[in-house]
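Please see the structure below; I have some questions.
Whatever order the structure lists ligands and atoms in, that order sets their numbers, starting from 1.
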Amino acid sequence: MTSYVAAIDQGTTSTRCMIFDHSGRVVASDQREHEQIFPQAGWVEHDAEEIWENTRAVAGGAIAKADLHPADIVAVGITNQRETALVWDRNTGKPVYHAIVWQDTRTDKIAAELGALGGGQERYRSKTGLPLATYFSGPKVKWILDNVEGVRARAEAGDLLFGNMDTWVLWNMTGGTNGGVHVTDPTNASRTLLMDLDTLQWDAEIAAEMGIPLSMLPEIRSSSEEYGKVRERGALAGVPIAGILGDQQAATFGQACLSPGEAKNTYGTGNFMLLNTGTEKVMSENGLLTTVCYKIGSNDTVYALEGSIAVTGSLVQWLRDNLGMIGTAAEIEEHARKVEDNGGAYFVPAFSGLFAPYWRSDARGAIVGLTRFVNKGHLARAVLEATAFQSREVIDAMNADSGVPLKSLKVDGGMVVNELLMQFQADILGVPVIRPVVNETTALGAAYAAGLAVGFWKSEDDIRTNWAKDKQWDPAMDESRRESEYHNWKKAVTKTFDWVTD
Ligand SMILES: Nc1ncnc2c1ncn2[C@@H]1O[C@H](COP(=O)(O)OP(=O)(O)O)[C@@H](O)[C@H]1O
Ligand SMILES: O=P(O)(O)OC[C@H](O)CO
């Protein structure tokens, strides 16, 4: 009998279930989008119950499309949008508030107040690897406890649970109020500002400073081991859930970046570049994050440096949904191809402030360099180029932190079908850009973590063997143009600073 591994990919815009065979090939997949809720400027929420409903639907959908029985699936892995924070009642299974999404900036004041206790934005960096910014989960949980009526008392009474979306999906898949497992993995926990990067345990002192009861926090287990089995009524009934990786770490694993010095860049809602630094924890001096890359069972923890960019693909969505300038995301390339260059226009999408390498929550988006000459094609180019310029900035930071210049870049994610963007990325970096055959590296990485735990794949060598190149773009821009374009971009970025002054 042929066996398979399934992965649930709970992303920012949609939830997918994918089924993989032993060669890492996609056998079937199903996907559902969920609503993006914007209650006010800077706030972004998700309805966690809708997400759980979608998770059940796509698990059933993928199994049906593949015409398989749960007994054909040897393990399931979970991967997820990271940092997005949810608090729910362990007795009823009901969230006390929507999930607060990673892009949400409402915790700006909380971050500033915590920083004022001493050490400013760097207060928790030595323990957690992270700057004190709106991006991470801890302050989002504090906001819920401080602002939703009656919630703090319920949390202190031990009735409430916190989780990122991995934990919410796992708890529900393993039975919810009927014996649900309340667990996370170190890649997700390393995005909360609450986990000590050395011990891989919650830091009681930081949790106390944020007023978060330890009883709410999930147990931190490895990224690859059996946490429990899918509840009997589920589409994957009885299948062991055996892998959890935050989506960007999952993509790093799925891209076979398994040795120190190997890196990938994922182009989705935002962009996330991760460089495997091995068992060494490198502390950035250039605005990058230090994060857990993966921890496979009882093996040593592998760390990564990460350059997180909040807005890349979501800028294309914004053009489509808010401006109606394009009908589909793919149309942006058609418009961009009608012109030779950006016509002098630069679009800095600081919609959630700026993440790496700036960490400026006071920044807001700007289009600069406009003249009467600029047309729709130039703007389309400026939108795509923004992704490539932002990626160059994090790669420069990575080169500076690691001391080893990147020789080539492995890419994946929804935007890498855009050929113009990929060529411009190679041009502006001056190194080749390489796309793998299986672009669904996020789900694949979670499947690998689960499959390794149950012996479906024997070792990381199987992952290396399965990886194959699909396409490569080589730099074709001359050095002086590359540097002058990049110089203009850097100047454009400075125009977004100091916008939010309250
Ligand atoms: N042809 C394209 N050109 C540019 N951007 C695209 C294209 N197709 C999809 N995208 C963008 O890719 C993103 C979706 O990528 P995906 O990896 O599925 O995202 P996520 O996992 O973050 O939900 C969307 O933001 C969309 O705007
Ligand atoms: O869901 P994605 O692919 O947009 O990824 C979101 C990241 O995990 C946020 O840190």
With atoms numbered from 1 as shown, which atoms in ligand 2 lie under 4.0 angstrom from a non-hydrogen atom of Gln248?
3 (O), 5 (O)
Please determine if Lys65 and Asp30 form a salt bridge, counting it only when a charged side-chain N lies under 4.0 Å from a carboxylate O.
yes
Are any of the N or O atoms of Ser14 closer than 3.5 Å to those of ligand 1?
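N/O-N/O distance below 3.5 Å does not exist for this pair.
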Under 4.0 Å from one or more heavy atoms of Thr13, ligand 1 contributes atoms 23 (O)
When you measure from atom 7 (C) of ligand 1 to each heavy atom in Ala329, Ala443, Ala251, which option holds the nearest one?
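It is Ala329 that holds the nearest heavy atom.
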Heavy-atom contacts under 4.0 Å between Asp247 and ligand 2: side chain, backbone, both, or neither?
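Answer for Asp247: side chain.
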Any donor-acceptor N or O pair under 3.5 Å, side chains Ser137, Glu83
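Distance-only check fails for Ser137 and Glu83.
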Under 3.5 Å, is there a donor-acceptor pair between the side chain of Asp247 and the main chain of Asp9?
no
Should the pair Arg82 and Phe272 be classed as cation-pi, given the thresholds of under 6.0 Å to the six-membered ring centre and 45° from the axis?
yes
Protein residue, atom and distance nearest to atom 4 (O) of ligand 2, heavy-atom basis
Thr12 OG1, 2.8 Å
For ligand 2 and Thr269, I'd like to know whether there is a polar contact (N/O to N/O, distance under 3.5 Å).
yes
Using only atom types and a distance under 3.5 Å, with no angle test, would you say the side chain of Arg482 pairs donor to acceptor with the backbone of Met477?
yes
Within 4.0 Å of some non-hydrogen atom of Gly11, the atoms of ligand 2 are 1 (O)
Quick note on ligand 2: atoms under 4.0 Å from a heavy atom of Tyr135 include exactly 9 (C), 10 (O)
State the atoms of ligand 1, each with its element, that fall below the 4.0 Å cut-off from a heavy-atom position in Gln317.
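Counting from 1, the qualifying ligand atoms are 24 (C), 25 (O), 27 (O).
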Just by distance, no angles: are the side chains of Asn466 and Tyr448 close enough, under 3.5 Å, to form a donor-acceptor pair?
yes
Is it true that a side-chain atom of Thr252 and a backbone atom of Leu274 form a donor plus acceptor pair closer than 3.5 Å?
no
Could you tell me which atoms of ligand 1, counted from 1 in the order shown, lie closer than 4.0 angstrom to a heavy atom of Ser314?
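So the atoms of ligand 1 that pass are 25 (O).
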Is ligand 2 less than 4.0 angstrom away from at least one heavy atom of Gly268?
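Distance cut 4.0 Å: Gly268 fails for ligand 2.
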Lys410 to Trp467 six-membered ring, cation-pi geometry met (6.0 Å, 45°):
yes
Decide whether an N or O pair under 3.5 Å exists between Arg191 and ligand 2.
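Looking only at distances, the answer is no, because the N/O contact criterion of under 3.5 Å is not met.
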Would you kindly specify which portion of Glu331 sits under 4.0 Å from ligand 1, judged on non-hydrogen atoms: side chain, backbone, both or neither?
neither
Do Arg25 and Phe20 form a cation-pi contact, if we require the NZ or CZ to be under 6.0 Å from the six-membered ring centre and within 45 degrees of the ring's axis?
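So Arg25 doesn't make the cation-pi contact.
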Geometry only, no angles: is Val417 polar-contacting ligand 1 at N/O separations under 3.5 Å?
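Min N/O separation from ligand 1 is not below 3.5 Å for Val417.
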Among Gln248, Met415, Arg16, which one has a heavy atom closest to atom 18 (O) of ligand 1?
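Nearest option to atom 18 (O) of ligand 1, by heavy atoms: Arg16.
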Residue-ligand contact Gly11/ligand 1, heavy atom below 4.0 Å:
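No, Gly11 has no heavy atoms under 4.0 Å from ligand 1.
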One pair to check against side chain to side chain donor-acceptor pair (under 3.5 Å): Asp166 and Thr184. What are the steps and the verdict?
CA-CA 7 Å; Asp166 60 317; Thr184 190; 2.6 Å; yes
Please list the nearest protein heavy atom to atom 22 (O) of ligand 1 with its residue and the distance rounded to 0.1 Å.
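It is Thr269 OG1, 2.5 Å.
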So, is Gly313 polar-close to ligand 1, with some N/O to N/O distance under 3.5 Å?
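The answer is yes, given that Gly313 and ligand 1 share an N or O pair closer than 3.5 Å.
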Going by the order shown, which atoms of ligand 1 are within less than 4.0 Å of some heavy atom of Gly414?
7 (C), 8 (N), 9 (C), 10 (N), 12 (O), 15 (O), 16 (P), 17 (O)
Kindly determine whether Val411 and Tyr267 satisfy side-chain contact (heavy atoms from CB on, under 4.5 Å), including the steps that lead there.
CA-CA 7 Å; Val411 299; Tyr267 298 68; 3.5 Å; yes
Short side-chain to backbone donor-acceptor contact, Arg392 and Tyr486, under 3.5 Å
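Checking the backbone N and O of Tyr486 against the side chain of Arg392, no donor-acceptor pair under 3.5 Å is found.
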For residues Asn54 and Thr15, is any side-chain donor paired with an opposing acceptor at under 3.5 Å?
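Thr15 and Asn54 do not have a side-chain donor-acceptor pair below 3.5 Å.
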Quick one: nearest non-hydrogen protein atom to atom 4 (C) of ligand 1, plus distance?
Asn418 ND2, 3.5 Å
Identify the closest protein heavy atom to atom 9 (C) of ligand 2: which residue and atom is it, and at what distance?
Glu83 OE1, 3.2 Å
